[in-house]
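Here's the structure we're looking at; comments come further down.
Residue numbers start from 1 in every chain, and the chains themselves are labelled A, B, ... in the order their sequence lines are given, proteins ahead of strands. In this text the structure is predicted, and so the values were computed from the model without any measurement.
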Amino acid sequence: MNSLSEMPSMADPRQALKPNQHSSEDTIARRERMRKQRDSLPIASVRGRLVEEVKAHDVLIIVGETGSGKTTQLPQFLFDAGFCHDGRVIGITQPRRVAAVTVAKRVAEECNVQLGQRVGYSIRFDDSTSSSTRIKFMTDGLLLREALLDPYLSRYSVIIVDEAHERTVHTDVLLGLLKSVLNARSKSVGGCVNADSKKGNFGIVRKNESGTQSVGFLKQCQGMKFPPLKLVIMSASLDARIFSKYFGGARAVHIEGRQHPVDTLYTLHPQRDYLEATLVTIFQIHLEETPGDILVFLTGQEEIESVERAVKEQVYSLPESSQMIVTVPIFSSLPSEQQMQAFKPAPAGYRKVILATNIAETSVTIPGIKYVVDPGFVKARSYDPLKGMESLVIIPTSKAQALQRSGRAGREGPGKCFRLYPEREFEKLEDSTKPEIKRCNLSNIILQLKALGVDDIIGFDFLEKPSRAAIIKSLEQLFLLGALTDDCKLSDPIGRQMAQLPLDPIYSKALILASQFNCLEEMLITVAMLSVESIFYTPREKSEEAKTAMKCFTSPDGDHLTLINVYRAADELLEKRNRELIGKNETNFQRKTDKILRKWCKENFINSRSLRHAHDVHSQIRGHIEQMGLHVSSCGEDKLQFGRCLAASFFLNAALKQPEGAYRALASGQIVQIHPSSVLFKSKAECIIFNELVQTNQKYIRNVTRIDYLWLTELAPHYYAMQS
DNA sequence: GAGCACTGC
């Protein structure tokens, strides 16, 4: 097992393309240049006033546009102003891992300190911080996890929640928690609320809209060990009002950004076929506009591939002098090597057309974009609590999203954005995207809130409350898994152990059960593989080859054992190579094993990024499991034992074959199909369990294994005994 | 015989 853990992290494609900043530049000159850059940022001119605002108010909202420098500069201003003098830490949260890492590196460089000393970052699987770290960048999910161990967040003097307008479920829950922490840590009741509504010099302000102070679930700790906490929320303009209102009319200030102008153009009429309109627009830009790359926003892989084919076909109908155009796709499930193609400059004289999903909206920044084509649609996940089913549907973007997309054309110079709908349609769009907390399964966050001591979930002061039905459905699920007692309290030890594990609750429960079924080793691999993005990658043009490659891993029982076979095959391969390399005194040992694994993945149509990720999850969870004292043993060749454990764990997701070959999900009664990517797609198994139910064109279940129906009544009698 | 945006612990 150890062999795989020695693989080095795979280079992130977004970082691999950064130039080496230390190449031949003189240190002093570099520092001087950096100082000038910092001084020229819009935020530099309001430094003093900003520090005063933070000192004067416990909650401050900063509305900062792109390029204002708020993320890199504010933490340094506060550090210099003495917010860490007592050894406490300024914490800055980000929704994404890459952002936390890259910003931390930049700030460490600006402070001229080694990363991990005064300035560091902490994200899952990667912690650069030390006891001397005072400015700490992290993901918002990680800070939530920290709160389980330290509910008052006592090591922090300031917490800056960046990109709050993105409204990820972690940001929302974190803000709910912080409201209670502020209240508990404030010296006097009302101390965290700013009632001052005078107009500021460089900002504005909301009136105190709510005089009532919500008392959180944390006990007051007046005069105790913790000094008051400062909270800074950084957001894009459209959503500041809601944060201010939530924090009792907290003060909001505005900092201007630095963006080049983007000329936005609309169509005269609505387009019936937006893919056709996209194609026409791409060629129109190519033929009529000055040089510069084009970024096109599409909803998914299928659209991207079809537009790519169409561009390649139609380019030959152009005059030869105009044929210099290349397309590059980028979407999250694309292997990293291929993602990186989007960042490479086009050959001299060529125009590059990047066909992207909304990965290019915030997650990655591709240089050289001058034109944006925005058909105005996005594929969004929604969740139906009554059916317990997720669905993926194509819907119009929000205004905020459309603005974010057009902004991508103005990063390096003036640009143009072509919206493929009339201007009057823009006005009809929602202001911002529906917050994630209102469209996801809440089981995981409810379990975490329970572990934090929030007993009354329905009464919890959410920034925006999820539907009652969604809350009740998740409470019910947690109860059926044994995480909650009859009176809806966290059970001990099961619920407490489940909350400790950073996994979907149903997977946490599966691990606890597996220790009783003597197959924890197998279940650990299974939940790790189920927790990551798709392991198999099947490009359309090589689907036959991919199918053949997959055959050598296939288990007739189903996808779960198939995934275990893949994981173990990779493990064995690396162990074998390690034995060969050991004693040869090889340098670049890690790089070589990594290269071997990547080659193997490519040959077997496996996504090496996903496999690597599964391995990280595996070792992290194994650490937790061992700490809990659960016994990690293998069932060896006893597949029956593992199958029974799957039935006992995933009894809520069981389905029975119907006469027509479809399946009926027992919990909800829905008629579903096995997804074609499953090894059981053509099988005629009578009874199965599955791990995912998603509606796309049909209701598909994925990750499926056959079981014996009788196991359900035997192993989950509390659920099935009455029904049989 | 279909196809799944994006994050995160």
Side-chain angles (χ1 to χ4, degrees), chain A residues 93-100 122-127 138-149 163 166-174 297-306 330-334 356-364 377-382 390-395 397 401 404 433 435-437 439-440 444-445 447-448 451 498-505 507-508 531-540 543-544 546-547 607 610 613 616-617 620-621 623-624 661 673-678 681-682 692-703:
Chain A
T93 71
Q94 295 287 333
R96 276 173 296 280
R97 295 162 51 95
V98 201
S122 187
I123 59 178
R124 189 186 188 186
F125 310 129
D126 191 1
D127 182 4
M138 65 198 130
T139 44
D140 44 19
L142 194 105
L143 185 59
L144 263 182
R145 283 273 154 198
E146 260 188 46
L148 288 177
L149 304 169
E163 313 282 10
E166 288 191 22
R167 302 293 304 277
T168 68
V169 62
H170 287 154
T171 303
D172 270 29
V173 176
L174 185 61
F297 285 101
L298 296 164
T299 67
Q301 179 175 355
E302 204 180 331
E303 282 184 11
I304 288 174
E305 284 170 351
S306 104
I330 184 165
F331 47 90
S332 94
S333 62
L334 197 67
T357 59
N358 46 355
I359 191 173
E361 221 170 78
T362 46
S363 303
V364 300
F377 292 94
V378 64
K379 193 175 284 187
R381 176 165 58 188
S382 64
E390 294 191 323
S391 54
L392 286 158
V393 280
I394 294 171
I395 56 166
T397 63
Q401 235 173 341
Q404 177 70 28
T433 312
E436 194 187 359
I437 200 164
R439 50 187 174 91
C440 74
N444 207 352
I445 62 155
L447 188 62
Q448 275 195 60
M498 284 169 67
Q500 231 173 304
L501 296 169
L503 286 171
D504 192 328
Y507 295 157
S508 303
S531 297
V532 301
E533 325 76 84
S534 182
I535 289 288
F536 294 102
Y537 176 72
T538 49
R540 191 187 298 248
S543 64
E544 279 308 307
K547 212 162 71 182
N607 189 326
S610 302
H613 189 180
D616 285 341
V617 175
Q620 187 194 34
I621 303 299
H624 281 286
Q673 311 285 334
I674 296 182
H675 192 274
S677 65
S678 168
F681 179 59
K682 282 185 190 162
E692 208 182 341
L693 167 54
V694 181
Q695 161 121 38
T696 52
N697 289 337
Q698 292 207 57
K699 293 172 185 172
Y700 282 113
I701 50 176
R702 309 185 72 211
N703 293 318

Is there a side-chain contact between A/Glu533 and A/Ser332, using heavy atoms and a 4.5 Å cut-off? no

Among B/dG1, B/dG3, B/dA5, which nucleotide sits nearest the side chain of A/Lys547? B/dG1

Any chance you could lay out the salt bridge (charged side-chain N to carboxylate O under 4.0 Å, His left out) test for A/Glu163 and A/Arg96, step after step, and finish with the verdict? CA-CA 10 Å; A/Glu163 313 282 10; A/Arg96 276 173 296 280; 5.1 Å; no

Looking across every strand, which nucleic acid part, if any, lies under 4.0 Å from A/Ser534 by heavy atom: base, sugar-phosphate, or nothing? nothing

Taking C-beta and beyond as the side chain, do A/Leu142 and A/Glu146 meet within less than 4.5 Å on heavy atoms? yes

Contact between A/Asp140 and A/Thr168 at the side-chain level, heavy atoms closer than 4.5 Å - yes or no? yes

Among B/dG3, B/dT7, B/dC9, the one nearest A/Arg97 by side-chain distance: B/dC9

Looking at B/dC9, B/dG3, B/dT7, which one has an atom nearest to any side-chain atom of A/Ile123? B/dC9

With respect to the side chain of A/Arg381, which nucleotide from B/dG1, B/dG8, B/dA5 is positioned closest? B/dA5

A/Ile359 side chain: which of B/dT7, B/dA2, B/dC4 is closest? B/dT7

Using a cut-off of 4.0 Å on non-hydrogen atoms, how would the nucleic acid contact of A/Asn697 be classed: base, sugar-phosphate, or nothing? sugar-phosphate

So does A/His170 reach the base of B/dC9 with its side chain, donor to acceptor, closer than 3.5 Å? no

Contact class for A/Leu392 vs. all strands (heavy atom < 4.0 Å): base, sugar-phosphate, or nothing? base

